[in-house]
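Notes to accompany the following structure.
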Amino acid sequence: MSCYPCKSDDIASEGCNETSDLVVCFGELLIDFVPTEGGVSLAEAPAFKKAPGGAPANVAVGISKLGGSSAFIGKVGADEFGYMLADILKQNKVDISGMRYDSNARTALAFVTLRADGEREFLFFRNPSADMLLDKSELDRNLIVKAKIFHYGSISLIDEPCKSAHLDALRIAKESDCILSYDPNLRLALWPSAEAARDGIMSIWELADVIKISEEEITFLTGGDDPYDDDVVLNKLFHPHIKLLIVTEGSEGCRYYTKDFKGRVAGVKAKPVDTTGAGDAFVSGFLYNLASDPSILENEEHLRKALYFANVCGAITVTERGAIPALPTKDAVLQFDAK
């Protein structure tokens with residue numbers, strides 16, 4: 001397994017074109033409420049600050065902020081929070097023509113904290129929320145057909161009718177020769193059971209061309225196996241149709257696996273303030289490069305540069321509070337790497 005650092009001039013010169021093709025992100029968009037004081041439980045928090053959330057929406061904004069082209073497909077409530085979220089995406093130059101509004105359900109809310117012991121704590125208000133009610137008849141099919149990359153998670157697989165809409169969108173994207181990008185983004189508290197979560201996440205596993213998972217997700221999906229063991233990853237999670245499997249390791253960087261090569265790209269040092277959205281920033285940094293140059297999936301040198309760029313995106317994001325406000329511009333990535 002190869003391991004060597006990339007130089008700053010690498011990411012400035014290759015794989016980061018000013019123009020890129022459309023990335024359509026499908027899934028949830030919600031309001032995160034985060035404590036105004038760090039290191040406390042939800043019950044102990046003195047107050048909360050609202051922030052836009054939802055992994056697929058974060059990725060869409062991240063791509064746009066880097067200078068790429070992105071769109072979001074999903075549903076929010078026809079309420080003040082829903083209109084606020086739509087406006088934030090619009091301000092960040094994300095195409096929201098595929099967004100829908102539900103007058104009978106509220107925009108989803110999530111209370112999120114990072115306790116002093118380092119554990120994340122989630123409390124979701126979805127019973128049901130608007131994102132769960134997207135119907136396949138509401139899909140903007142023309143938008144999906146235009147995409148170079150179709151990106152999604154697993155939360156939209158939990159409940160109907162959104163599950164059927166997700167599967168239909170996947171079918172359209174596959175038939176349109178989109179690159180299918182999957183970040184399961186495990187949120188166990190939202191699933192009926194751990195078994196349902198594992199089955200749901202794996203039910204669409206073999207459709208994806210690119211999959212990004214974390215160490216914790218490997219342990220969960222394999223029933224407790226060692227996430228650092230290459231054989232575990234290759235024998236249990238790699239599949240014949242996959243072009244790239246990425247394992248993120250937080251500040252330590254990431255590993256990558258293709259049919260022809262595997263390796264790791266070291267992380268970059270940053271002083272963490274809030275890790276919310278770091279994984280989404282990584283995904284947006286990588287997909288921005290992939291949309292510009294799909295051949296990086298076959299070229300290890302170029303792939304490593306794109307992954308290093310993604311690592312820097314994640315590192316920058318942890319230095320500020322909130323996900324979307326902390327997502328970097330391309331200039332910020334290049335300046336950070338030049339330090």
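These numbers were taken from a predicted model, which means no experiment stands behind them.
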Under 3.5 Å, is there a donor on one side chain and an acceptor on the other for Y256 and E300? yes
Does either side chain, that of N92 or that of S64, offer a donor lying less than 3.5 Å from an acceptor on the other one? no
Can you tell me how far the [atom1] atom of [X] sits from the [atom2] atom of [Y], to the nearest 0.5 Å?
X	Y	atom1	atom2	answer
I144	I73	CD1	CD1	4.0 Å
D102	E138	CG	CD	7.5 Å
L133	D131	CG	CG	7.5 Å
L180	K243	CG	NZ	8.5 Å
K146	S69	NZ	OG	9.5 Å
D231	F238	CG	CZ	13.5 Å

- Query: Considering residues, nucleotides and ligands other than K49, do more than 12 of their heavy atoms fall under 6.0 Å from its NZ?
  - Reply: no
**Message:** A quick test of your reading: do over 12 heavy atoms of other residues, nucleotides or ligands sit less than 6.0 Å from NZ of K174?
**Reply:** yes
Side chain of [X], backbone of [Y]: donor and acceptor closer than 3.5 Å?
X	Y	result
E206	H239	no
K93	S70	no
S154	P184	yes
T258	D260	yes
T107	G82	yes
K75	S129	no

Side chain to side chain donor-acceptor pair (under 3.5 Å) between T329 and D331, intermediate numbers included: CA-CA 5 Å; T329 62; D331 283 345; 5.4 Å; no
Report yes if some heavy atom in the side chain of [X] is under 4.5 Å from a heavy atom in the side chain of [Y]; otherwise report no.
X	Y	result
Y288	V333	no
S251	V318	no
V210	L297	yes
R126	L190	yes
I63	H151	no
I218	D225	no
S181	L287	yes
T248	K212	yes

Please name the pair of heavy atoms, one in [X] and one in [Y], separated by the smallest distance, quoted to 0.1 Å.
X	Y	value
A45	P35	CB-CB, 3.7 Å
T319	A270	CG2-CB, 4.0 Å
R255	R264	CG-CB, 3.9 Å

Cluster membership besides L123, Ile/Leu/Val/Met/Phe/Trp/Tyr side chains within less than 4.5 angstrom, sorted by chain and number, is L29, I31, F33, L42, F48, V61, F72, V76, F81, Y83, M84, L85, I88, L89, V94, I96, M99, Y101, L109, F111, F125, I324, L327
Among the clusters formed by ILVMFWY side chains lying less than 4.5 Å apart, do [X] and [Y] turn up in the same one?
X	Y	result
V34	V40	no
M132	L170	no
L30	V283	no
L290	I246	yes

Open item on the list: Apply side-chain contact (heavy atoms from CB on, under 4.5 Å) to residues I213 and L245 and explain how you reach the verdict.
Closed with: CA-CA 8 Å; I213 48 173; L245 178 64; 4.1 Å; yes
With sequence neighbours left out, write down each residue that passes side chain to side chain donor-acceptor pair (under 3.5 Å) with [X], or none if nothing qualifies.
X	value
Q91	D87
E80	none
E160	S164

Can you classify the ring geometry of F124 versus F122 as parallel (below 30°), tilted (30 to 60°) or perpendicular (above 60°)? parallel
Show which side-chain atoms of residues 195-205 pair as donor or acceptor with protein atoms under 3.5 Å away, not counting sequence neighbours.
residue: R198; atom: NE; partner: F220; partner atom: O; Å: 2.9
residue: R198; atom: NH2; partner: F220; partner atom: O; Å: 3.3
residue: S203; atom: OG; partner: G200; partner atom: O; Å: 2.7
residue: W205; atom: NE1; partner: L237; partner atom: O; Å: 2.7

Salt-bridge criterion met for D135 and R100 (N-O under 4.0 Å): no
After noting the C-alpha distance and the side-chain angles of K136 and D168, does the key distance pass the salt bridge (Lys or Arg N to Asp or Glu O under 4.0 Å) rule?
CA-CA 7 Å; K136 63 182 181 181; D168 204 39; 5.4 Å; no
| task | Go through the steps to decide whether L307 and F282 satisfy the test side-chain contact (heavy atoms from CB on, under 4.5 Å), and finish with yes or no. | result | CA-CA 8 Å; L307 291 171; F282 175 95; 3.9 Å; yes
Note to self: side-chain contact (heavy atoms from CB on, under 4.5 Å) for D230 and Y257? Distances and angles first, verdict last.
What the structure shows: CA-CA 9 Å; D230 282 352; Y257 302 84; 2.6 Å; yes
Those residues at least two apart in sequence (or on a different chain) that pass side chain to side chain contact (heavy atoms under 4.5 Å, CB included) with S97 are D95, D140, L143
Next item on the list: Report the C-alpha distance between R187 and I158 in whole Å, list the side-chain angles of each, state the deciding distance to 0.1 Å, and finish with yes or no for side-chain contact (heavy atoms from CB on, under 4.5 Å).
Entry: CA-CA 11 Å; R187 293 288 179 265; I158 299 172; over 6 Å; no
